[in-house]
Q: 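This structure is in structure tokens; I'll ask about it shortly.
Values below: all heavy atoms of this structure, side chains included; hydrogens, waters and symmetry mates excluded.
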Amino acid sequence: MKILTSTFSTKYNTAPFSQIKLEDYKPAFIENIANAKAEIETIINNQEAPTFENTIEALEFSGEALDRLSSIFFNLNAAETCDEMQKIAQEVTPLLTEFSNDITLNEDLFKRIKSVYEQKETLNLSIEQTTLLDKKFKSFSRNGALLSEEKKSKLREIDTELAKLKLTFSENILAETNNYQLHIKDEYDLKGLPEGTIEAAKTLAKSKNFEGWIFTLDYPSYVPFVTYAENRKLRKKITIAAGKKAFQNNEFDNQEITLKIAKLRFERANLLGYQTHSHFVLEERMAQNPEKVKSFLNDLLAKAKPAAEIEFEQLKAFAKELDGIEQLEKWDGSYYSEKLKQKLYNLDDEKLKPYFQLENVLNGAFTIANKLFGLTFTEIFDIDKYHEEVSTYEVKDEFGELIAVFYADFFPRKGKRNGAWMTSFKSQYIKNDKNERPHVSNVCNFTKPTETKPSLLTFNEVTTLFHEFGHGLHGMLANTTYPSLSGTSVFWDFVELPSQVMENWCYEPEALALFAKHYETGEIIRQEYVNKIKESASFQEGMATLRQLSFGLLDMAFHSNNPTEISNIKTFEKTVFEGTSLFPDVADNCMSVSFSHIFSGGYSSGYYSYKWAEVLDADAFAYFQEKGIFNKEVATKFKDHILSKGGTQLPMELYKKFRGQEPKPEALLKRAGLLKI
């Protein structure tokens, strides 16, 4: 346990994963919480008058060991969990929630913060210090510091219950994902599937002592199956299984949990004096209020829907002409979209995959980061990893100074949740004149190498890697004094800008030439393929936009209204989707109960931010295109004003310093091919 309650004596102060035992976690949490409480008491009992240094800064740097422990534990609970770890999570989460409430509801501590806040105009603070002071004051005033004791007690109850419910929500989805497998015994049922997908399914079956092939709901297995399998009945079977996760009236059902989360969030917002959860959340976002978000989403919907409907009619006609399909269903979407894309552009993901070997794509991302920001990535083998599949890198600048430690974790495992994300094991900050550098991780779920092939990515997976790497750069290049303002600690509708802007390089011939090389011949991707990638970039963009907007509108429907009136999740969801649905509804499916982004992640009232950030990223990349996609001047501005500044200033102020103006939506509409509609 001692190892989790003190500074690590490891290279770069990296996490000593191999030395941590599961039974160490809970006692370490208890000890670190006690130590953090003692630090808070020291601040409160300081006999000197409250100052920025002895109150705000002291609070900011309190609980370092607890923060570090939390990041290690909860990152592993997402990427390398087990039943015992999930049990520990359920036990320590209420302790952390209680501790958090103990701080924000502490009257004596708030008095000191309020005292400093009220004299901020006379303190001669820097921009970053002013931001920190505002953030600390709001973290108290917005989270119950001004409530009566009775209401504070109620808030504690709600927060504890919410923390537990969110954990259970995630655990149920992981259990449902792990519990399903499509076992195929007849080779004929594999018709249409790529060779690599078949080989991976064979390997999986073999590992489970099954004959034949096994497909799962993990993305590298599920997505190729619904995209290429000619057997429509089996596509239907696995599609419905994916849509039924946590919607089966079994022990892993999330219907009641979803409603409870929405209702508790509403109750919490009301308790704090806000109309709805969205009003509470959006006060601290670029968008500011639910009305602005809905207006933004509906404006895009008006532009995208006509295009989406035309695209859908084209897809329906194509499916009917090709296979006599009278009614296009959800399990047909990916399959016929891929076939239509091949027909229109002669572009098949399977033709492209040999050019996108995982190691080459990752090195391409590294090379682009070097050209833009002067970073070098060197794989190292003398720091601990939490799994043998994880790769570790030293990240240095052009002067050879350490910028970050980078962990790359790219393959699905039983204890790893689906999807792709960036996180950190240690934040960047400056303390005692020492710039503590961050430890950043990218976690994805790509196809594993097989006996005959390396990991080959679809083009969509290439953009996913670049997306998460963009988040990673935001963390790695952080250069702020305070950890709570560092890296990706920014307004939620700004956090997707660095990630989404990086995806743009995947479409540029100059960038593709750096990493898109055939894994067998070394041949650089053919120009005709590059042209087709560019041409097809806006293929079915109307439908894709409509899908994203539907998720954003569902999020707002749950959180910007009174959810106590919702009695049936499925009925509610179906009503919300009426304005955006193209495919017929599937009665057995419900998306809300596995919508992790908003019910267990941090995106509640924030899913719109993907589209919001697309406006920013299209406008930002247009600037690169004007000057050259590897232009050092523009890249330096992006690094200095966006990537390194974290949440030290209001996002729009940072963006204007980079771009010289506010973003214009025309760049996005032009890129998406929606301007002509």
Side-chain angles (χ1 to χ4, degrees), residues 1-22 24-25 28 32 64-82 85 358-359 362-363 365-367 369-370 373-411 413 415-416 420-431 434-444 446 448-449 455 465 468-469 471-479 483 486-488:
M1 183 193 88
K2 191 66 185 166
I3 197 155
L4 292 170
T5 56
S6 56
T7 305
F8 305 139
S9 55
T10 54
K11 185 175 183 179
Y12 302 139
N13 191 20
T14 50
F17 298 112
S18 64
Q19 298 174 50
I20 302 170
K21 298 181 179 67
L22 283 173
D24 294 340
Y25 281 116
N32 284 344
E64 279 184 66
L66 179 60
D67 290 341
R68 192 78 199 275
L69 169 61
S70 296
S71 69
I72 291 168
F73 177 78
F74 287 103
N75 282 336
L76 295 190
N77 194 41
E80 187 61 18
T81 195
C82 60
M85 197 164 200
L358 172 59
E359 292 79 4
L362 183 61
N363 285 328
F366 292 165
T367 303
N370 177 262
F373 311 119
L375 300 178
T376 55
F377 292 75
T378 307
E379 187 167 7
I380 53 174
F381 303 92
D382 55 352
I383 65 171
D384 248 353
K385 306 190 287 193
Y386 57 86
H387 192 278
E388 61 184 11
E389 291 173 350
V390 177
S391 301
T392 51
Y393 300 85
E394 262 175 356
V395 187
K396 293 186 175 179
D397 65 14
E398 53 263 60
F399 307 109
E401 294 292 320
L402 183 78
I403 292 297
V405 174
F406 179 57
Y407 297 82
D409 180 2
F410 288 137
F411 304 121
R413 294 184 294 273
K416 184 179 183 181
W421 63 94
M422 167 266 177
T423 186
S424 67
F425 286 101
K426 177 177 175 285
S427 297
Q428 177 275 330
Y429 56 90
I430 299 170
K431 189 179 180 187
K434 186 185 178 190
N435 196 325
E436 294 281 350
R437 298 313 302 168
H439 301 169
V440 170
S441 176
N442 275 175
V443 189
C444 302
F446 299 141
K448 283 187 176 184
S455 176
L465 188 149
E468 298 309 331
F469 187 65
H471 281 310
L473 290 171
H474 202 183
M476 289 181 243
L477 287 166
N479 196 26
S486 179
T488 56

Q: Is the shortest heavy-atom distance from the side chain of Ser391 to the side chain of Glu379 under 4.5 Å?
A: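 With C-beta onward as the side chain, the pair touches.
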
Q: Please round to the nearest 0.5 Å and tell me the distance separating atom OH of Tyr407 and atom NZ of Lys385.
A: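 Result: 10.5 Å between the selected atoms.
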
Q: Would you check if Met422 and Val440 make a side-chain contact, meaning some heavy-atom pair closer than 4.5 Å?
A: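 A side-chain contact exists here, since the closest heavy-atom pair is under 4.5 Å.
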
Q: Evaluate the side chain to side chain contact (heavy atoms under 4.5 Å, CB included) criterion for residues Tyr25 and Met85: first the C-alpha distance (whole Å), next the side-chain angles of each, then the deciding distance (0.1 Å), finally the verdict.
A: CA-CA 9 Å; Tyr25 281 116; Met85 197 164 200; 4.1 Å; yes

Q: Please step through side chain to side chain contact (heavy atoms under 4.5 Å, CB included) for the pair Phe406 and His439, ending with a clear verdict.
A: CA-CA 6 Å; Phe406 179 57; His439 301 169; over 6 Å; no

Q: Keeping the roles fixed (side chain from Arg68, backbone from Phe425), state whether a donor-acceptor pair exists under 3.5 Å.
A: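 Present.
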
Q: To the nearest 0.5 Å, tell me how far Ile3 CD1 sits from Asp24 CG.
A: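 Spacing of CD1 (Ile3) from CG (Asp24) equals 8.5 Å.
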
Q: Suppose we call two aromatic rings close when their centres sit under 6.0 Å apart. Are Phe366 and Tyr393 close by that rule?
A: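 Ring centroids of Phe366 and Tyr393 are less than 6.0 Å from each other.
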
Q: Is there side-chain contact between Phe446 and Leu358, with heavy atoms separated by less than 4.5 Å?
A: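 A side-chain contact under 4.5 Å exists here.
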
Q: Quick one: do the Ser18 and Asp384 side chains pair a donor with an acceptor below 3.5 Å?
A: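 There is such a pair between these side chains.
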
Q: Please determine if Lys426 and Glu436 form a salt bridge, counting it only when a charged side-chain N lies under 4.0 Å from a carboxylate O.
A: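 Answer for the salt bridge query: yes.
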
Q: Would you mind checking if Glu64 and Lys431 are paired as a salt bridge, meaning a charged N to carboxylate O distance below 4.0 Å?
A: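 Salt bridge between Lys431 and Glu64, a charged N being under 4.0 Å from a carboxylate O: yes.
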
Q: Taking side-chain contact (heavy atoms from CB on, under 4.5 Å) as the test, write out the residues that go with Pro449, two or more places apart.
A: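 So Pro449 forms a side-chain contact (heavy atoms from CB on, under 4.5 Å) with Phe411, Ser455.
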
Q: Find out whether Phe377 and Asn363 are in side-chain contact, i.e. whether some heavy atom of one side chain is under 4.5 Å from a heavy atom of the other.
A: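 No, side chains not in contact.
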
Q: Test side-chain hydrogen bond (donor to acceptor under 3.5 Å, both in side chains) on Asn32 and Thr5 and set out the steps.
A: CA-CA 6 Å; Asn32 284 344; Thr5 56; 5.0 Å; no

Q: Is the side chain of Lys416 donor-acceptor paired with the backbone N or O of Cys444 at a distance under 3.5 Å, no angle test?
A: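 Yes, Lys416 side chain to Cys444 backbone: donor-acceptor pair under 3.5 Å.
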
Q: Is NZ or CZ of Lys11 both nearer than 6.0 Å to the six-membered ring centre of Phe8 and within 45° of the ring axis?
A: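 Relative to the ring axis of Phe8, which defines the angle, Lys11 lies outside at least one limit.
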
Q: Do Thr376 and Asn370 have a side chain donor and acceptor closer than 3.5 Å?
A: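 Side-chain D/A pair, Thr376 to Asn370: absent.
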
Q: State which residues pass salt bridge (Lys or Arg N to Asp or Glu O under 4.0 Å) with Lys21; sequence neighbours excluded, sorted by chain then number.
A: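 Expected list: none.
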
Q: Output yes when a side-chain donor or acceptor of Thr10 lies under 3.5 Å from a complementary backbone atom of Thr14, and no otherwise.
A: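 Side chain of Thr10 to backbone of Thr14, a donor-acceptor pair under 3.5 Å: yes, one is there.
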
Q: Output the distance between atom CE (Met476) and atom CZ (Phe469), rounded to the nearest 0.5 Å.
A: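 Going from the CE atom of Met476 to the CZ atom of Phe469 covers 5.0 Å.
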
Q: May I ask you to test the Leu4-Phe73 pair for a side-chain heavy-atom distance under 4.5 Å?
A: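 Side chain of Leu4 against side chain of Phe73, heavy atoms only: no contact under 4.5 Å found.
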
Q: Using a 3.5 Å distance criterion without hydrogens, assess whether the side chain of His474 forms a donor-acceptor pair with backbone atoms of Gly487.
A: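 Yes, because the side chain of His474 sits within donor-acceptor range (under 3.5 Å) of the backbone of Gly487.
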
Q: Looking only at heavy atoms, which two atoms of Gly475 and Thr488 are closest? And how far apart?
A: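 Minimum heavy-atom contact is N-CG2, 4.5 Å.
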
Q: To the nearest 0.5 angstrom, please state how far the CZ atom of Phe373 sits from the CG atom of Leu473.
A: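 Rounded to the nearest 0.5 Å, the CZ-CG separation comes to 6.0 Å.
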
Q: The test is side chain to side chain contact (heavy atoms under 4.5 Å, CB included); show your working for Ile383 and Val405 and say whether it passes.
A: CA-CA 10 Å; Ile383 65 171; Val405 174; 3.7 Å; yes

Q: Would you indicate whether the side-chain heavy atoms of Asn479 and Asn435 approach each other to under 4.5 Å?
A: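 Side chain of Asn435 against side chain of Asn479, heavy atoms only: contact under 4.5 Å found.
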
Q: Working to the nearest 0.5 angstrom, can you tell me the gap between Tyr429 OH and Asp67 CG?
A: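 If we round to the nearest 0.5 Å, Tyr429:OH and Asp67:CG are 9.0 Å apart.
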
Q: Give a yes or no on whether the backbone of Asn442 and the side-chain of Glu468 come within a donor-acceptor separation of less than 3.5 Å.
A: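 No.
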
Q: May I ask you to decide if Ser71's main-chain N or O and Asn75's side chain share a donor-acceptor pair within less than 3.5 Å?
A: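 Such a contact is found between Asn75 side chain and Ser71 backbone.
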
Q: I'd like to know whether Tyr386 forms a side-chain hydrogen bond (donor to acceptor under 3.5 Å, both in side chains) with Asp409, so could you lay out the CA-CA distance, the side-chain angles of the two residues, the decisive distance to 0.1 Å, and finally the verdict.
A: CA-CA 10 Å; Tyr386 57 86; Asp409 180 2; 2.6 Å; yes

Q: So which heavy atom on Leu465 is nearest to which on Ala365, and how close?
A: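 Where Leu465 meets Ala365 most closely, the heavy atoms are CD2-CB, 4.1 Å.
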
Q: Quick one: side chain to side chain donor-acceptor pair (under 3.5 Å) partners of Glu359, sequence neighbours excluded?
A: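 So Glu359 forms a side chain to side chain donor-acceptor pair (under 3.5 Å) with Gln357.
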
Q: Whether the side chain of Ser486 engages the backbone of Gln428 through a donor-acceptor N/O pair (distance < 3.5 Å, no angle test) should be reported.
A: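 Pair found, side chain donor or acceptor close to backbone of Gln428.
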
Q: Side chain of Arg437, backbone of Ile403: donor and acceptor closer than 3.5 Å?
A: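 Yes, Arg437 side chain to Ile403 backbone: donor-acceptor pair under 3.5 Å.
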
Q: Is Glu80 paired with Arg413 through a side-chain N to carboxylate O contact shorter than 4.0 Å?
A: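 Salt bridge between Arg413 and Glu80, a charged N being under 4.0 Å from a carboxylate O: yes.
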
Q: Report the C-alpha distance between Val443 and Phe410 in whole Å, list the side-chain angles of each, state the deciding distance to 0.1 Å, and finish with yes or no for side chain to side chain contact (heavy atoms under 4.5 Å, CB included).
A: CA-CA 6 Å; Val443 189; Phe410 288 137; over 6 Å; no

Q: Treating Lys396 as the side-chain partner and Glu401 as the backbone partner, does any N or O pair qualify as donor plus acceptor under 3.5 Å?
A: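 Absent.
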
Q: Output the distance between atom CG (Leu375) and atom CG (Asp397), rounded to the nearest 0.5 Å.
A: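 It comes to 7.5 Å.
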
